[in-house]
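Working notes for the structure below.
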Amino acid sequence: MKTSAGDIQFFNTLTREKEKFVPLEKGKAKMYTCGPTVYDFAHIGNFRAFLFEDLLRRWLEYRGFKVTQVMNLTDVDDRTIDAARKLGIPLEQHTAQFIQAFFEDINALNIEKAEHYPRATEHVPEMVALIKKLVEKGYAYRGEDGSIYYDISKFKDYGKLSKFKVTELKAGARVKVDEYEKAEARDFALWKAWDEGDGEVFWETDIGKGRPGWHIECSAMSMKYLGETLDVHTGGVDNMFPHHENEIAQSEAATGKKFVNYWLHNEHLLVEGKRMGKRFGNYYTLRDLIKLGYDPKAVRYLLLSTHYSQQFNFTFEGLEAAKNAIERLTNFMYRLLEADGKGGGEKIAALMNRVEKEFGEAMDDDLNISLALASLFEFVREVNSLLGNNMLSKEEARGVHSLMVGFDRVLGVVGEVQGEEKLPKEAEELIHRREEARRAKDWKTADQIRQQLAVMGIIIEDTPQGLKWRIEKGQNV
RNA sequence: GCUGGGGUGGCCGAACGGUUCAGGCGGCGGCCUGCAGAGCCGCUGUAUGUGGGUUCAAUUCCCAUCCCCAGCUCCA
């Protein structure tokens with residue numbers, strides 16, 4: 001059975017084909033994952049992207065790769081400046097609270113930490129250096145307004161990611177020619193000369209007073225932390241053009257090297273069939289959902305359970321289903337801890353081999369999570385059946401448990417399942433009284449006590465092997 | 001207009017030329033249980049937008065057609 005890395009395939013936007021993942025350096029994966037623009041709370045559509053990136057990261061780790069992930073925090077751009085201006089507070093003060101909120105949210109969603117979270121405002125010198133290089137090489141020019149633009153006609157491969165033809169863009173009806181003073185409408189700003197709208201937000205640099213354009217931060221920061229060429233770059237489909245296209249243009253023009261080997265793009269989240277977006281007002285933040293009583297883990301499961309390249313329609317019905325699916329997995333983990341049966345021998349070993357193989361092959365195939373989950377649930381059902389027949393020894397159950405923990409290191413939805421929990425004294429007392437009541441067939445008292453314990457967050461179950469209890473997690477939500 | 005992604009059972013979602021078209025959720029019934037919970041088993045009537053074609057065989061390939069969604073200068 002194959003459990004080693006080497007067979008992972010990704011759908012590469014650059015080639016529009018599934019390709020075997022071959023890293024630059026054996027056993028290592030360098031990824032640049034698009035992060036948030038911190039002008040407001042991120043919504044769950046944003047989190048779909050971050051969850052996809054998390055799944056990708058976790059899968060590479062599962063396959064033994066040492067991952068170096070960079071996630072940028074865009075803390076200076078038109079929107080952050082506008083938002084701070086409207087509130088009349090300094091830019092840093094405005095973005096700080098949303099950076100903090102962002103980390104709280106990804107923590108709640110059990111998203112693994114990236115190695116680096118570079119902020120645009122802290123990398124202006126790197127960006128300026130890159131822009132200077134592009135000017136020197138003749139890829140950029142200064143416009144009449146003092147801003148510096150990238151001349152895409154100089155970059156032969158422009159459009160290779162999004163498959164747009166430059167000439168068509170030029171003639172495109174929606175190009176806003178008035179927006180900037182550009183020699184050609186399709187050129188984009190590398191450096192924006194200060195104007196009144198920027199207020200206090202500007203840097204005095206060799207290339208003038210102003211601020212960086214949007215795209216340059218990703219080129220500069222990925223180079224700084226990952227080198228001139230990286231393995232994987234991810235982001236939402238909306239960023240494919242122009243953002244990622246421009247990143248390629250900037251980076252490859254500056255270095256003369258290929259910027260990214262594998263481009264992965266996640267599709268959008270829809271709400272009631274329409275794209276979720278801040279400009280449409282039909283969005284939920286994670287905080288909204290938590291306020292409504294939903295577990296962030298359910299949100300995680302829901303957003304993860306559909307392949308990243310599919311548009312996904314968010315519904316509360318789906319969220320409910322996700323919650324129940326996690327519960328099934330969690331219950332399974334508890335049952336494993338309690339198992340103490342005769343032993344299933346060959347059967348359980350075969351089941352474990354199969355699920356490990358199927359789960360792995362599915363995930364290797366461009367993170368086919370649906371198929372991976374299918375094999376996982378099938379496994380759960382079959383092992384549950386063995387458990388029901390008391391056919392699983394303590395030893396075997398422990399083996400299954402650690403296998404499941406391994407899967408959950410990828411999925412991140414179950415979390416710690418503790419066997420040895422402490423029961424409050426009064427609860428112990430109540431359980432004792434209930435047992436007595438049951439022995440006396442005083443069902444009314446027994447049910448009353450069970451209800452009382454439930455209010456305390458303690459779940460009681462009567463099984464053929466005797467009474468079982470556990471403390472309900474997430475009572476606070 | 002140009003460039004992409006889709007249309008699969010009550011809902012969500014795999015598979016993509018061939019054993020019964022996974023799996024989850026929901027519903028119903030059964031087993032177990034004092035009841036409940038968990039779990040297991042069964043069922044959820046001919047599920048692949050429509051019309052053609054290729055093929056021994058199509059959800060899967062081809063053609064046509066309808067519908068939905070997205071991108072097209074700063075929205076993940």
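The chains referred to below are lettered A, B, ... by the order of the sequence lines, with proteins before strands, and numbering in each begins at 1.
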Tell me every residue that passes salt bridge (Lys or Arg N to Asp or Glu O under 4.0 Å) with [X], counting only those two or more places apart in sequence or in another chain.
X	value
K154(A)	D151(A)
D77(A)	R79(A)
D198(A)	R211(A)
D340(A)	none

Nearest-angstrom distance, [atom1] atom, [N] to [M]:
N	M	atom1	answer
G26(B)	G5(B)	C1'	28 Å
U60(B)	U48(B)	P	11 Å
U3(B)	A64(B)	P	15 Å
C16(B)	C21(B)	C1'	11 Å
A38(B)	G27(B)	P	11 Å
G71(B)	U59(B)	P	33 Å
G49(B)	G6(B)	C1'	11 Å
U54(B)	C63(B)	P	15 Å

If I take atom [atom1] in residue [X] and atom [atom2] in nucleotide [N], what distance separates them, rounded to the nearest angstrom?
X	N	atom1	atom2	result
H265(A)	C69(B)	NE2	C1'	18 Å
E267(A)	G4(B)	CD	P	14 Å
I369(A)	A15(B)	CD1	P	13 Å
H233(A)	A76(B)	NE2	C1'	12 Å
F11(A)	G4(B)	CZ	P	11 Å
H244(A)	G71(B)	NE2	C1'	13 Å
M240(A)	G4(B)	CE	C1'	7 Å
F241(A)	A76(B)	CZ	P	17 Å

According to salt bridge (charged side-chain N to carboxylate O under 4.0 Å, His left out), does anything in residues 314-326 of chain A pair up with another residue at least two apart or in another chain? List the pairs.
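Residue pairs passing salt bridge (charged side-chain N to carboxylate O under 4.0 Å, His left out), neighbours aside: E320(A)-K323(A).
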Going by the salt bridge (charged side-chain N to carboxylate O under 4.0 Å, His left out) test, which pairs reach into residues 47-57 of chain A, not counting sequence neighbours?
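Every salt bridge (charged side-chain N to carboxylate O under 4.0 Å, His left out) pair that includes a residue of residues 47-57 of chain A, provided the two are not neighbours, is D54(A)-R58(A), D54(A)-R300(A), R57(A)-E61(A), R57(A)-E112(A), R57(A)-E115(A).
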Checking base pairs now: Watson-Crick or wobble, both atom distances under 3.5 Å. What partners [N]?
N	result
G39(B)	C31(B)
G18(B)	C56(B)
C2(B)	G71(B)
G26(B)	U44(B)

Sequence neighbours excluded, which residues qualify as ring pair (Phe, Tyr, Trp, His ring centres under 6.0 Å) partners of Y308(A)?
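In terms of ring pair (Phe, Tyr, Trp, His ring centres under 6.0 Å), with neighbours along the sequence ignored, Y308(A) is linked to F52(A).
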Answer with yes or no whether the side chains of Q448(A) and Q452(A) bring together a donor and an acceptor at under 3.5 Å.
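Judged by distance alone, the side chains do not pair up.
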Taking RNA chain B as the partner, which of residues 98-111 of chain A come within under 4.0 angstrom of it by heavy atom?
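When residues 98-111 of chain A is checked for heavy atoms under 4.0 Å from RNA chain B, there are no hits whatsoever.
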So what does N368(A) touch, heavy atoms closer than 4.0 Å: a base, only the sugar-phosphate, or nothing?
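Contact class for N368(A): sugar-phosphate only.
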At under 4.0 Å between heavy atoms, what does A374(A) touch on the DNA or RNA strands: base, sugar-phosphate, or nothing?
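Touches a base.
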Tell me if the centroids of the rings in Y139(A) and Y141(A) come within less than 6.0 Å of each other.
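Ring centres of Y141(A) and Y139(A) not closer than 6.0 Å.
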Looking at residues at least two apart in the chain, or sitting in another chain, which of them share a side-chain contact (heavy atoms from CB on, under 4.5 Å) with A193(A)?
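A193(A) satisfies side-chain contact (heavy atoms from CB on, under 4.5 Å) with S147(A) once adjacent residues are dropped.
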Before you tell me yes or no, could you show the steps for R450(A) and D447(A) under salt bridge (Lys or Arg N to Asp or Glu O under 4.0 Å), namely the whole-Å CA-CA distance, both residues' side-chain angles and the distance that decides it to 0.1 Å?
CA-CA 5 Å; R450(A) 181 167 59 194; D447(A) 290 351; 3.3 Å; yes
Charged N to carboxylate O under 4.0 angstrom, R434(A) versus D462(A)?
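Salt bridge present between R434(A) and D462(A).
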Table of protein N/O atoms under 3.5 Å from nucleotides 7-13 of chain B N/O atoms:
{"residue": "C11(B)", "atom": "O2'", "partner": "E317(A)", "partner atom": "OE1", "Å": "3.4"}
{"residue": "G13(B)", "atom": "O3'", "partner": "S370(A)", "partner atom": "OG", "Å": "3.3"}

For RNA chain B, whose closest nucleotide is more 5', that of N239(A) or that of S375(A)?
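In this pair, the answer is S375(A).
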Could you say whether D365(A) or W214(A) is positioned toward the 5' end of RNA chain B, judged by the nucleotide with the nearest heavy atom to each?
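Nearest-nucleotide comparison on RNA chain B picks D365(A).
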Listed by chain and number, what are the side-chain hydrogen bond (donor to acceptor under 3.5 Å, both in side chains) partners of H123(A), not counting sequence neighbours?
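side-chain hydrogen bond (donor to acceptor under 3.5 Å, both in side chains) list for H123(A), sorted by chain: Y225(A).
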Base versus backbone protein contacts along nucleotides 26-42 of chain B [heavy-atom cut-off under 4.0 Å; B, S, -]:
S-------BBBBSSSS-
